[in-house]
Amino acid sequence: MTDNLASWLAVLDTFERALDAADDQLDPTFERPPGPVPEELRERAEAVLARQQMMIRGLTASRANVARELAALRRVPTGSPDAPAYLDVEG
């Protein structure tokens, strides 16, 4: 096995573990192996890329949902603590 192939296998293993764990982060000292992805790893690398893109889309949608919920919470009026407060959830 060439050094380049071994390096790319290690990178793909790391990316796949991070995707599986979802909340783990990559080592900030990550360095791309030299040269292009070996042809025998192209299909696997494309699958990893597709999973990464799907996760990014999901995170983007989640972020938008959280932003909407925060905006709704900011619209809830605050009153004095000694007065009763009612929230109309049906109107």
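Everything quoted here is computed from the prediction, not taken from an experiment.
Between Met54 and Leu59 the shortest side-chain heavy-atom distance does not fall below 4.5 Å. At a threshold of 4.5 Å between non-hydrogen side-chain atoms, the residues Leu9 and Arg44 count as touching. Using a 4.5 Å heavy-atom threshold, the side chains of Val66 and Arg63 count as separate. Here the side chains of Thr14 and Arg17 are in contact, with some heavy-atom distance below 4.5 Å.
Distance check, rounded to the nearest 0.5 Å: CD of Glu39 to CG of Leu5 gives 12.0 Å. Residue Thr60 holds its OG1 atom at 11.0 Å from CG of Asn65, rounded to the nearest 0.5 Å. With rounding to the nearest 0.5 angstrom, the CZ atom of Arg57 is 11.5 Å from the CD atom of Gln52.
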* To do: Step by step, work out the side-chain contact (heavy atoms from CB on, under 4.5 Å) result for Val48 and Arg51.
  => CA-CA 5 Å; Val48 169; Arg51 284 182 66 195; 5.8 Å; no
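The hydrophobic cluster containing Val11 also contains Met55, counting ILVMFWY residues as joined when their side-chain heavy atoms lie under 4.5 angstrom apart, directly or transitively.
Pro36 and Asn4 get closest at one heavy-atom pair: O-ND2, 3.5 Å.
Surrounding CD of Glu40 are more than 12 heavy atoms belonging to other residues, nucleotides or ligands, all under 6.0 Å away.
Checking side-chain atoms of Trp8 against main-chain N and O of Ala45 turns up no donor-acceptor pair under 3.5 Å.
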